[in-house]
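Scroll down for the structure; my scribbles are underneath it.
All values reported here derive from a predicted model rather than from experimental measurement.
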Amino acid sequence: MNPFEIVLMALQAAALMAVSPLVVGIIRKIKARMQNKVGASVLQPYRDLRKMFRKESAVSENASFLFRLIPYVCLTSMLLLAAMTPFVYTQVIAPYADVIAMVYIFTMFRFAMVLGGLEGGSAFGGMGSSREVMMSVLIEPALLISIMTLSAMTGAGFDLSAISGSINARGAAAICPALLLAGTSFVITMVAENTRVPFDNPDTHLELTMVHEGMLLEYSGRGLAIMEFASMVRLTIFMALLGTLFFPWGTAMAMTAAELSVSLLAITVKMLAIAFGIALLESTVAKMRVFRMPNMLTASFALALMAMVSLYVL
Amino acid sequence: MMVTLTAVIPIVAGAVCLLPFGVKNVSRISAAGALVMLAASVYCCVAPLTGETIDTWIWYVDELSGFFILITAFVSFAAVLYSTDYLAVEWREERLNAREVRRFYCTLFVFISTMLLTFAVRSAALTWIGVGVTTMVSAFLVGLYKDESATEAAWKYIMLCSVGITLALFGIAMLYTASSGVVADDSALDWPTLVANAAAFNPLFMKFAAIFLVIGFGTKAGLAPLHNWLPDAHSQAPGPVSGMMSGVLLNCAMYAIMRFYSVSEIVNPGFVRTLLLAFGIVSVFTAAAFILISKDFKRMLAYSSVENMGLIAIGLGIGTPLAIYGALFQTLAHSLCKPMMFFCAGNVIQAYGTRSMPNIRGVSGKMRFTGFATAGGALAVAGAPPFPMFVGEVMILYGAVNEGLYLFAGALAILLAFIFAGITRSIFPMLSGTTSREVFEHRSVLRGFAIFSLFACALFFGLFMPEPIRGIFETMIALLSGGST
Amino acid sequence: MDVLGFHFQDTVIVAGFFAATLVPALVGIVLGAIFKSNKVANVVASLCIVSCAVSVSTYPLWHLGLALEYTLPIPSAIGEYRLAIDQLTACMISFSSVIFMLIVVHVVKSTSDSGCRYSALLNALFLACFSCMSADSVLVLLFSWELVTLTTFLLSKKGNNDHARWMFFAIAHLGGMVLICAYSFMASVAGTQVLSQWDGLSSALGHWTSMALIMAIVMGFGTKLGLIPFHAWMPDLYATAPIHTATLLSTVCSNVAILMVFKTVFSYIGITAALTPIAFAIVIIAVATALWGALESLVQREPKKLLAYSSMENMALVVLCMALGIIYIVESPALAKLVLVAGLLHTLNHSVFKSLMLMSIDTVEDCTGEKNIGRMGGLSRTLPALSAVAIIGILAMAAVPPTNGFVSEWLMIQSLMGADLESKGMSLVIPLILAAVGICGMMMAASYARLYGFIFLGRPRSEAMENPRPMKRGTILPLALLAALCLGMGLFAMTIMDVLAASIVSLIGMPPSPGYRSVMSGELLPLVLGTAVVATVAVLYWASKRGAQPEREVPTWSCGEDLDENMQYSSIGFTQPLVKVFHPFYGDTTVVRETKDSKVRTVIIEFVEPFVKYLYKPLGALLTGISERIGKTQTGNIQTYFAYVLITLVVTLLAVRVF
Amino acid sequence: MDPILTSNLIDIFAVSMLLTSVLAMASARMRPLIKLFVLQSFFLAAFEFTVAYSQDEPHIYVMAAMTFGIKVILIPRMLQYIMARIRVDDELSLSVGIPGSMLLSTGLILFSYYVSEPLVITLTTEERNSLVLSFAIMLIGLQMMTTRRKAITEVVGLLMAENGLFLGAIALSNGMPFIVELGAFIDVLMAIIIIGIFAFRINKSFDSVDTTLLRRLKEE
């Protein structure tokens, strides 16, 4: 690793985090357009974050030190993940971009969120945490297995960059049932993990449906800004993972200007496509009932498992 | 000479007890008598246990006899000490009158004497007579209270054991027939002669002798399904007598079986072993079933005796030196632990006035010492380390596995686990909890000492085995596996 | 060896070491048995601490190259007390002693379980565990293992918990009996009782027998680890026994069991290719146990029961690792080393975080007098120090970086994934195991979130929570040390792993290369990731706090109403969605309606452990039924008894005549 | 005397003993039962006497005398005394009816032949029958104990079984050493005395000697 590479990696992590509000803004904009609305500017999320970051925070008198710490834990985990995720360049902080560690950092994020939801002692927080926990029990194994399928398929160990690079290098030959199944599972996981429709609606605070927002209910001001930002980053990371792990073609594998610019273009197109997909999904599908969710999540889990199994059976 | 004295001392002590002294004085006399008896027995056994067999007149004391005599003397000593206070309480609470107390001591000493005698004689016939006489004498001790239950128990005891004794006599006759013609008439039934000449005996008669002796003495030893007198007699006898019956009386019959075993193994190798294995496992099985359902404290302990006799039989039945070691060790362990447990049960029952375990609660709270000893005793009897019965069980299982009796060992292990569960389930709830009864612990130094000394001995043998004692066991194993001394 | 200029013979040092370990504990037992006063109880406990402290030095002494073999100068009926300590044993003894010591310190400080009797039994338990781990003779091993059972049984007396204790005692003894048979058999095959001379008996045993033995040994020790179906005693005992007993049982005793399983399976029996089928059976049991523990932990009402199921799950994972080790060892020794290291590391980690959590939870119960998790809450403001150490324990249990729990689970999944999947039927099994481990991990995390969230966070749900008694002085010390261990072992896991790997190599007798690191990714990851997490959070927090507006304390938002104590999510409700998802496994959720007044109606949801209801109770009834049948043979009528004698005689004669 | 005659006599006495046993099983009243026991004991004494004569063994004479003294005279007297004292009802209560008992006895006799066959072939002719018969008498004695309910009948059953035993012992080896015989007799006598004492106690406690009343001691 030369210093330039390190700078590049840091840059790509920074870029990933920097564009995440934009990604959310774009999704919202596309959604608005689909619903024949004008919609806010794609930069609106930046403005919201800035406004909230400056405001005074009101903390529940029942909250403990943990409550104040949790936003930073969440942000930290996203920071680390951003550094691990291949974005425009497959080489990330290898050998520390460990897929298993990645799943556990997601767990850490979620655990912190759940505990945060239980602080304050309102009914909504507990409800959000409860539902989050239910979903995570099914999501997390699916995520683990779908990523593991890639690892096993490529035989590249546990390093995200190696996996990504290996699939990339194989070109079209890498397309196989396992990849497709795992990819599908990952898409469902992505939607569920980021609490998008049909699992949750990030835009409402309706007590019957909310999961993610329930947990954030007690946060305000800077804490809320950080939590919201972390969630945005999470979505972006998932989208980036989908683009660079499951469909990594185009991502730069070497540090040449040509490859990097192609990769930049490719990732932009991929992200836009995924954003469009999410927006389309959210505009066309209704929110699911809470106890319907497990069915969908189990399907995702089964898909992942099938992907893994298909590696050896087919 | 010394042996004669050992056997006579208790009788003298018993006779003195009959003299019309007060209950307190009788207690003192009997305690002193027991001490002298113990001293005489120890003195008498020193030589045999160090390798010099006593062989005079009708007496023959080698390591095996010495081992049993010492156990008997020690347990009897503890039992007499325990009786002094136990009987005094019974007398104070007017369940017994002074005359009955005096008679009790007299019978008790005669009983002790007959047991010592059983172990110390040379002839099989005399051993048989000794076993027979112990039954008759102890029947009075079982029936001490003269109420309906005690009488019933004594009746069953004496009738069943008489049948057993009769069968055993037939076995002795068979043994005599098998040996006659090989050995001169006069010494034809002497254990050492039998062992020495066994190789020339008629094997067929020895087989029949084996059947009758094992069933006959087995009735007395409490092997299932011949054991039915045992829970009745043990539960109805007063505490100290239950302890003695279980701790040493059963040994008498077992000793006879052991002696015969060493002869028979030379003539028909494996025959008695098979019989003993069968009776042993049936005993353990039966005991397991009864322990699981028993509600009566003393009856449950009695079934545990059945189990232990079964284990000893199994140990002998396996017949390897290791298993025989296990059997002998189990004998020692049982003789130490079971009387102690019966004494504890005596304390509890005297204080609570009931034998029904579901009605006894809160012993540890009300009676500190008894509670402690009962907990220890229960663990010992159930077969938990560091008590010696665990060691005995392990040895026997180990022996069984070594002999290739895998299924047998497995079944035995499971049965032992059930027994363990049954005993602990019944006893430990008695210790905790609360009771609404008026409970008063009868405490006295002698009573405590009796329990404590047995407890200490049990613990000692569970943890340690000094070389000399180990040597004695080795000799006994050699004796039993048919080797001559 | 030279110490401070004095020259000592090695044998003298070894004897001195054993004496220094054993004698204080023995003295403690004697003192505790004689005296009653609380002052002496402290002396007795401190003797135990002395013994523990000395035995911590086991590994350093081993490292110095001393042959830690010793025969006590007192023979017993079971032969000589031979002790011998190899590398793995030394590791485990040293580590377990640390845990033991911290627990005893907590006993002294918390005074809830003190008393001469208790302290004396602690000494006895220490001796039993020590001699079990270091036993070099079969009978000593069996003896001390049973002694462990016995002392924990005696230690677990508290109030009226006879049934729970008895259940434990009976099941553990059943396991002990199985072990006695298994070890006797091995001894008879090996021809010696000296364990250190047993070397790869599997060639002499034949593979069917070896497989049966491995199963017997895993299940025999598994009765104490809580493998299905022998786990039924755990929740009740953990909930009713004195907490330090439960803690010792869950940590030190489990360590002993795991060590013995490892030593027996890998060293005494020895693994060959033919033995893999049994590993699959063990895998199935372990996975089932882990899943069961995770499922049941979700619905527990009492925190200690929850932790009991958590222990069960964790130990099942360790057993799973062991079984995978059996599978891997033939084809890929390096991977086998990795998975075994993962298992052992998890054992050690578990003993740290579980002792921390059990004692923390007990402190909660002690301070508030409340046992129902549904009536707790809000303790983080009133007991801040406790909640701080507890969160570390919770994070460790939930395998969140940078704690030690994360490292071992990370290793475990790595070794699962790294399996050479081209071989055998493994390819299908591994994904399933992986899925199961993943689901277990998340369910346990959910349980732990519930545990922490409903005890420490939120608003108080009952009076007792508002003003808890302050913690007893000094009790925080051992807890804080354990919490520090949780973090330290997470960061510096590699050091421990190297030691464990070396121990495993010497235990199995494999060539040292290829080392486990060759198949492991991210060697420095625990340290780097852990540091990164801690540092980033710290930096962000510090940076963000600067220039922030001061916070305002406000009541929790409540839609304008006043919040009463029931207007919070309930602990049962928290996991209710999951219960609904996995409903078939809970079988019966009994709803009891009690009508006290005409208007007031309480609904209680009770979860009955299905194993107790559908296995233990019918089995017990069956046994009692059989026993009562047999009991009928005792009619009380003497004629029947004569008939038995007659029949016995006739049958015996007939049998002899016929055969 | 003629050896054939003595051997015939021996057989006759032995068979008569079995016969009395069988008859005893068939008797439904107490007094005939005791009489049959006396008769059996008498046959035993006669048997012993004949054996003593034919073998010229002085100690068997003594035994014969003792058998006569104790079993024919002393014990029946005692039994009658006990019966008189506790006013035993003469009716026997049977748990198995007489035809059933007969069948059982026959079965036991056949069984004795079957079982002792390997033993018998090693023996001389006169010993043969006696041994088989002694087996049969013992088993029938036990059978009586099993199927008769009164305390006294149990005792009689035991005594009959003992008679069988002595028959066998003498047939096999001309009796055991004298001291054994003596001990055995004393044992029997003591047993009967003690059993008698307890029979009184039973009568006192239960107002009956029907031992079926003695069935409180068992597991609930």
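In terms of heavy-atom pairs under 4.5 Å with chain C, the best-connected choice from A/Glu140, A/Met108, A/Met135, A/Glu56 is A/Glu56. Across A/Thr298, A/Ile145, A/Val59, A/Val114, the residue that shares the most heavy-atom pairs under 4.5 angstrom with chain C is A/Val59. With respect to chain A, the highest number of heavy-atom pairs below 4.5 Å among C/Val437, C/Thr575, C/Val581 belongs to C/Val581. In terms of heavy-atom pairs under 4.5 angstrom with chain C, the leader among A/Thr107, A/Ile226, A/Leu66 is A/Leu66. Contact count versus chain C (heavy atoms, under 4.5 Å) is highest, among A/Thr76, A/Ile105, A/Val133, for A/Thr76. Between chain C and the residues A/Ser151, A/Ser64, A/Gly223, the most heavy-atom pairs under 4.5 angstrom are made by A/Ser64. The candidate from A/Val137, A/Leu143, A/Leu138, A/Leu75 with the greatest count of non-hydrogen atom pairs under 4.5 Å with chain C is A/Val137. Per-residue counts of heavy-atom pairs under 4.5 Å with chain A were compared for C/Glu553, C/Arg552, C/Glu409; the largest is that of C/Arg552. Contacts with chain A were tallied for C/Ala399, C/Cys440, C/Pro460; C/Ala399 has the most, counting heavy-atom pairs under 4.5 Å.
In this structure, chain C has heavy atoms under 4.5 Å from both the backbone and the side chain of A/Glu119. Contacts between A/Tyr104 and chain C at a heavy-atom distance below 4.5 Å involve backbone atoms as well as side-chain atoms. Contacts of A/Arg54 with chain C are made by backbone atoms alone, with heavy-atom separations under 4.5 Å and no side-chain atom involved. Neither the backbone nor the side chain of C/Leu298 comes within less than 4.5 Å of any heavy atom of chain A. Heavy atoms of A/Phe67 lying under 4.5 Å from chain C are absent altogether. In this structure, chain C has a heavy atom under 4.5 Å from the side chain of A/Leu79, while its backbone stays farther away. Only the backbone of A/Ala63 comes within contact range of chain C, with at least one heavy atom under 4.5 Å from a heavy atom of that chain.
Put simply, the side chain of A/Leu118 does not reach to within 4.5 Å of the side chain of C/Tyr452, judged on heavy atoms. Within the 4.5 Å cutoff, no side-chain heavy atoms of A/Phe124 are placed close to those of A/Glu213. In this structure, A/Arg131 and A/His212 have side chains that are not in contact, with every pair of non-hydrogen atoms separated by 4.5 Å or more.
Checked against a 6.0 Å centroid threshold, the rings of C/Phe454 and C/Tyr569 do not count as neighbours.
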